[in-house]
Amino acid sequence: MFQVKFAEKTMSFDAPLSVFDAAKAAELVSRAHLAAEVDGVLVAMTHQLSADCEVKLLTYADEGGKRVFNHTAAHVLAQAVKRLYPACKLTIGPAIEGGFYYDFDSDTPFSAEVLSALEGEMKKIVKENLLIERFELPRAEAVALMEERAEPYKVQLINELPADAVISFYRQGEFVDLCAGPHLFATGAVKAFKLTQCTGAYWKGDQSNKMLQRVYGVAFPSKDELKAHLEALEEARRRDHNKIGRELEYFTTVESIGQGLPILLPKGARTVQILQRWIEDEEQKRGYLLTKTPLMAKRDLYRISGHWDHYRDGMFILGDAEDETKECFALRPMTCPFQYQVFLNKKRSYRELPMRLGETSTLFRNEDSGEMHGLIRVRQFTISEGHLILRPEQLEEEFRGCLELAKYVLDTVGMLENCSFRFSQWDPARAGIKYEGTAEQWEHAQTVMGTILDNLGVTYEIGIDEAAFYGPKLDIQYKNVFGKEDTIVTIQIDMLLAEKFGMEYVDSDGQMKTPYIIHRTSLGCYERTLAYLIERYAGALPTWMSPEQVRILPIGEEHIDYAYAVRKALAARGVRVEVDDRNETIGKKIRTAQLEKLPYMLVIGENEMTAGTVAVRSRKAGDMGVMSVDDFATAILAEIAEKRR
RNA sequence: GCUGCUAUAGCUCAGUCGGUAGAGCACGUCAUUGGUAAUGACGAGGUCAUCGGUCCGAAUCCGAUUAGCAGCUCCA
């Protein structure tokens with residue numbers, strides 16, 4: 001006799017039975033239930049219950065249910081591949097956020113035609129509605145089974161499992177796969193799916209391993225959901241900064257200039273300038289000192305900082321790096337060693353700390369050729385860089401200040417709601433290779449940072465091996481319209497570099513002490529931020545950061561002079577305003593296509609000219625009626641000053 | 001860097017079997033037009049990304065390079 005506790009009711013059973021049967025007995029089960037959590041563990045509906053437990057039934061709307069569903073879809077894909085291409089070797093095929101993939105070792109890449117053939121075979125498998133059965137084997141038999149089926153990657157996976165691991169397999173029809181599960185009851189549930197693409201992916205994610213063929217797909221319990229998903233994807237493409245940023249003339253690229261070196265066109269440059277001025281002013285208010293340091297330095301500097309050892313591949317080097325008899329320069333990939341020279345300029349007192357240094361800093365990083373992407377990942381970029389040089393006891397307070405500033409900035413531009421926090425830590429396994437400093441120093445820095453984060457109530461994920469070579473980071477991750485994440489802002493604690501550079505201050509007791517350093521950005525990379533703003537607002541930036549805030553449309557040639565007078569009056573008050581006096585706009589047919597991205601347009605005709613007014617049309621509020629130029633200027637300036645979204 | 005796809009006018013694209021280049025939009029001129037999406041006529045624009053190869057002949061086939069896209073790896 002044992003009790004199964006569902007959310008709705010509790011049932012008692014005498015003999016072991018499956019989750020499905022238990023739920024059926026409780027009259028709770030429906031077709032939508034894909035899997036369950038038993039005492040918090042994700043299991044299949046076929047999972048056997050034999051003791052007291054708490055059961056939560058999961059549908060596709062639950063993360064776990066979705067995962068099981070997608071994972072089964074991956075198995076259906078693998079079965080189809082083995083049917084059509086028996087020579088392909090299976091590797092792994094997990095569910096991922098927004099779908100699934102399966103990696104195959106195949107001599108030929110899967111073309112679009114192959115993918116649609118695979119989809120056809122998958123449909124058959126779904127229609128066959130094969131039961132999915134789990135079985136477990138001892139290690140030797142498991143290896144024998146996979147060897148018999150000529151699956152070397154599976155053999156390797158089994159051999160790598162810990163000694164006490166349960167080795168489980170799933171069978172559906174003729175297809176058997178090493179898999180921890182859980183899975184759906186049968187293949188028939190995978191009603192709607194689509195194989196989205198095939199790309200290369202390294203075995204175990206290691207560049208030195210063989211490249212496999214990865215097939216990506218999405219799967220849903222109904223065709224409608226699939227359709228909705230594909231439409232949402234289409235909508236995301238419409239917001240893609242790399243497309244509309246070019247269309248709206250924010251930036252472009254030129255083949256002869258090179259990869260990762262975008263041209264900011266007047267609109268892009270203007271918005272970046274607006275953001276920059278705002279950040280520099282905001283930082284000044286918060287006690288930052290502005291610096292301007294060189295974009296390059298001799299290799300000697302990078303030797304001190306450690307960049308020469310840890311970051312040389314990422315730098316653009318001018319001259320022969322190997323020839324010690326000649327001068328060798330490198331463009332800067334980071335600002336730290338330059339900005340430290342400001343502190344080092346003279347002997348410093350504890351009274352000067354915290355010293356908050358800020359710089360709108362252009363950096364150069366020689367990224368691998370396949371990494372570049374629009375304005376998101378480039379080789380030359382400008383960040384709102386800063387370094388805070390502190391007494392150790394100031395660390396928490398200053399860290400809080402950095403976090404507050406970053407949150408304020410991201411909130412103001414409207415990006416905070418799509419941000420998450422990542423506590424990026426080192427990987428001790430790569431001590432000395434990727435990371436400078438001792439284990440003690442790292443543990444100390446990470447402990448301090450963890451405490452600060454906890455004290456500040458920051459909820460974060462931990463990212464192992466995501467730290468900088470000199471210290472742990474709090475990375476603020478932004479999720480873009482495609483669901484992809486990138487770091488937008490970073491706050492880092494550095495207990496190493498000050499010592500390397502011989503940075504010291506005279507403490508109140510007269511002793512020389514080594515300061516702590518916080519590396520941080522406030523808005524992060526301007527290019528990347530611009531890209532995300534374009535996506536966030538689908539190109540229609542809020543008035544205060546819009547490169548063109550107002551466009552004046554004279555209706556009829558005789559009103560052009562007045563239009564320019566209005567332009568002059570508004571421009572004199574700092575409004576970014578243009579007159580569109582082209583032929584087409586003078587006539588009956590005024591183009592509004594280009595105006596949908598503009599905050600305001602002012603239409604001027606006979607009545608307005610005579611009365612000295614403008615007819616205001618707002619992107620947000622629609623027709624706002626006729627008002628005096630002065631009233632309009634006052635209104636828009638108030639909006640700009642408040643940075644209203 | 002790796003795997004795959006792609007490159008024709010400013011943009012979106014067509015161009016069949018290898019036979020010397022096309023449309024719409026945008027742009028220019030003129031005419032027309034008066035309150036919110038695309039008036040008419042005419043015009044200008046391209047060594048078909050670059051370099052090389054095959055061929056009597058290459059936008060088309062092959063190779064390399066460059067750039068763009070997706071993913072991997074790496075990263076702000």
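What's counted below: heavy atoms across the whole structure, side chains too, no hydrogens, waters or symmetry copies. A, B, ... follow the sequence lines: proteins, then strands. Residue 1 opens every chain.
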Open item on the list: Any base atoms under 4.0 Å from Leu363(A), or only sugar-phosphate, or nothing? Heavy atoms, all strands.
Closed with: nothing
Open item on the list: Side-chain N or O of Lys484(A) versus OP1/OP2 of G71(B): is the shortest distance under 4.0 Å?
Closed with: yes
Open item on the list: Applying the side chain to side chain donor-acceptor pair (under 3.5 Å) criterion to Ser361(A), which one of Arg332(A), Glu385(A), Gln339(A), Lys292(A) satisfies it?
Closed with: Arg332(A)
Open item on the list: With a 3.5 Å cut-off and heavy atoms only, can you find an N or O donor on one side and an acceptor on the other between the side chain of Gln259(A) and the base of U66(B)?
Closed with: no
- [ ] Run the ring-centre check on Tyr478(A) versus Tyr532(A) and record whether the distance is less than 6.0 Å.
- [x] yes
TODO: Under 4.0 Å between any heavy atoms, over every strand shown, what does Lys473(A) touch: base, sugar-phosphate, or nothing? Just pick one.
DONE: sugar-phosphate
Task: Side chain of Asp368(A) (C-beta onward), nearest among U36(B), G1(B), G71(B) - done: G1(B)
TODO: State whether Glu235(A) and Arg238(A) are salt-bridged, where the test is any N-O pair (Lys NZ or Arg NE/NH1/NH2 against Asp/Glu carboxylate O) under 4.0 Å.
DONE: yes
Open item on the list: Need the glycosidic conformation of G63(B): syn if within 90° of 0, anti if not. Which one?
Closed with: anti
Open item on the list: Tell me whether the rings of Tyr85(A) and Phe110(A) are parallel (<30°), tilted (30 to 60°) or perpendicular (>60°).
Closed with: tilted
Open item on the list: Please classify the nucleic acid contact of Val489(A) as base, sugar-phosphate, or nothing, using heavy-atom distances under 4.0 Å.
Closed with: nothing
TODO: Round to the nearest Å and state the distance from Asp107(A) atom CG to U3(B) atom P.
DONE: 14 Å
- [ ] Compare all side-chain heavy atoms of Thr382(A) with those of Val272(A) and state whether any distance is below 4.5 angstrom.
- [x] no
Open item on the list: Heavy atoms from C-beta onward define the side chain here; which of G35(B), C75(B), A70(B) lies closest to that of Val603(A)?
Closed with: G35(B)
Open item on the list: Considering every strand and a 4.0 Å limit on heavy-atom distances, what is the contact class for Gly463(A): base, sugar-phosphate, or nothing?
Closed with: nothing
Open item on the list: If the cut-off is 4.0 Å, is His373(A) near the phosphate of C75(B), judged by side-chain N/O to OP1 or OP2?
Closed with: no
Open item on the list: With hydrogens left out and only the distance checked, is there a donor-acceptor pair under 3.5 Å joining Arg377(A)'s side chain and the base of C74(B)?
Closed with: yes
Task: Sugar-phosphate only, base, or nothing, as touched by Ala615(A) at under 4.0 Å among non-hydrogen atoms - done: base
TODO: State the pairing partner of C25(B); accept Watson-Crick or G-U wobble contacts with both distances under 3.5 Å, and report none otherwise.
DONE: G10(B)
Open item on the list: What I want to check is whether an N or O donor and acceptor connect the side chain of Glu608(A) with the base of G35(B) at under 3.5 Å.
Closed with: yes
TODO: Name the pairing partner of G46(B), where a pair is Watson-Crick or G-U wobble with both distances under 3.5 Å, or state none.
DONE: none
- [ ] Consider the side chain of Asn242(A), meaning its heavy atoms from C-beta on, and name the nucleotide among C75(B), G68(B), C72(B) that approaches it most closely.
- [x] G68(B)
Open item on the list: Starting the side chain at C-beta, find the nucleotide from U36(B), G34(B), G1(B) nearest to His559(A).
Closed with: G34(B)
- [ ] Scan Arg528(A) against the nucleic acid and name what it touches under 4.0 Å (heavy atoms): base, sugar-phosphate only, or nothing.
- [x] base
TODO: Return no unless some side-chain N or O of Ser369(A) is found under 4.0 Å from OP1 or OP2 of G1(B).
DONE: yes
Open item on the list: In terms of relative ring orientation, are Tyr435(A) and Trp442(A) parallel, tilted or perpendicular, with 30° and 60° separating the classes?
Closed with: perpendicular
TODO: Scan every strand shown for a Watson-Crick or G-U wobble partner of U16(B), both distances under 3.5 Å, and answer none if you come up empty.
DONE: none
Open item on the list: From the set U73(B), A70(B), U36(B), return the single nucleotide nearest to any side-chain atom of Met601(A).
Closed with: U36(B)
TODO: Report yes if a donor N or O on one partner sits less than 3.5 Å from an acceptor N or O on the other, where the partners are the side chain of Tyr202(A) and the base of G1(B); otherwise report no.
DONE: yes
Open item on the list: Both distances below 3.5 Å, Watson-Crick or wobble geometry, any strand: find the nucleotide opposite A37(B).
Closed with: none
Task: Heavy atoms of other groups near Asp313(A) CG, more than 12 under 6.0 Å - done: no
- [ ] May I ask you to decide if the ring planes of Phe104(A) and Tyr102(A) are parallel, tilted or perpendicular, using 30° and 60° as cut-offs?
- [x] parallel
TODO: Using a heavy-atom cut-off of under 4.0 Å over every strand shown, decide if Cys198(A) touches base, sugar-phosphate, or nothing.
DONE: nothing
TODO: Give one of base, sugar-phosphate or nothing for His519(A), where a contact means two heavy atoms less than 4.0 Å apart.
DONE: nothing
- [ ] Would you classify Gly524(A) as touching base, sugar-phosphate or nothing, given that sugar-phosphate means primed atoms plus P, OP1 and OP2, and contacts are heavy atoms under 4.0 Å?
- [x] nothing
Open item on the list: Using a heavy-atom cut-off of 4.0 Å across all strands, would you classify Tyr101(A) as base, sugar-phosphate, or nothing?
Closed with: nothing
Open item on the list: Measuring from the side chain of Gln197(A) (C-beta onward, heavy atoms only), which nucleotide among A70(B), U36(B), C69(B) has the closest atom?
Closed with: A70(B)
Task: Opposite nucleotide pairing with C69(B), Watson-Crick or G-U, both atom distances under 3.5 Å - done: G4(B)
Open item on the list: Only pairs with both distances under 3.5 Å count, Watson-Crick or wobble alike; so what is the partner of A59(B) in this structure?
Closed with: none
Task: Separation of the C1' atoms in G24(B) and G45(B), to the nearest angstrom - done: 15 Å
Task: Any Lys434(A) side-chain N or O less than 4.0 Å from OP1/OP2 of C75(B) - done: yes
Task: Closest to the Asp486(A) side chain, choosing from A49(B), C75(B), C72(B) - done: C75(B)
Task: U54(B) - base-pair partner by Watson-Crick or wobble geometry, distances under 3.5 Å - done: none
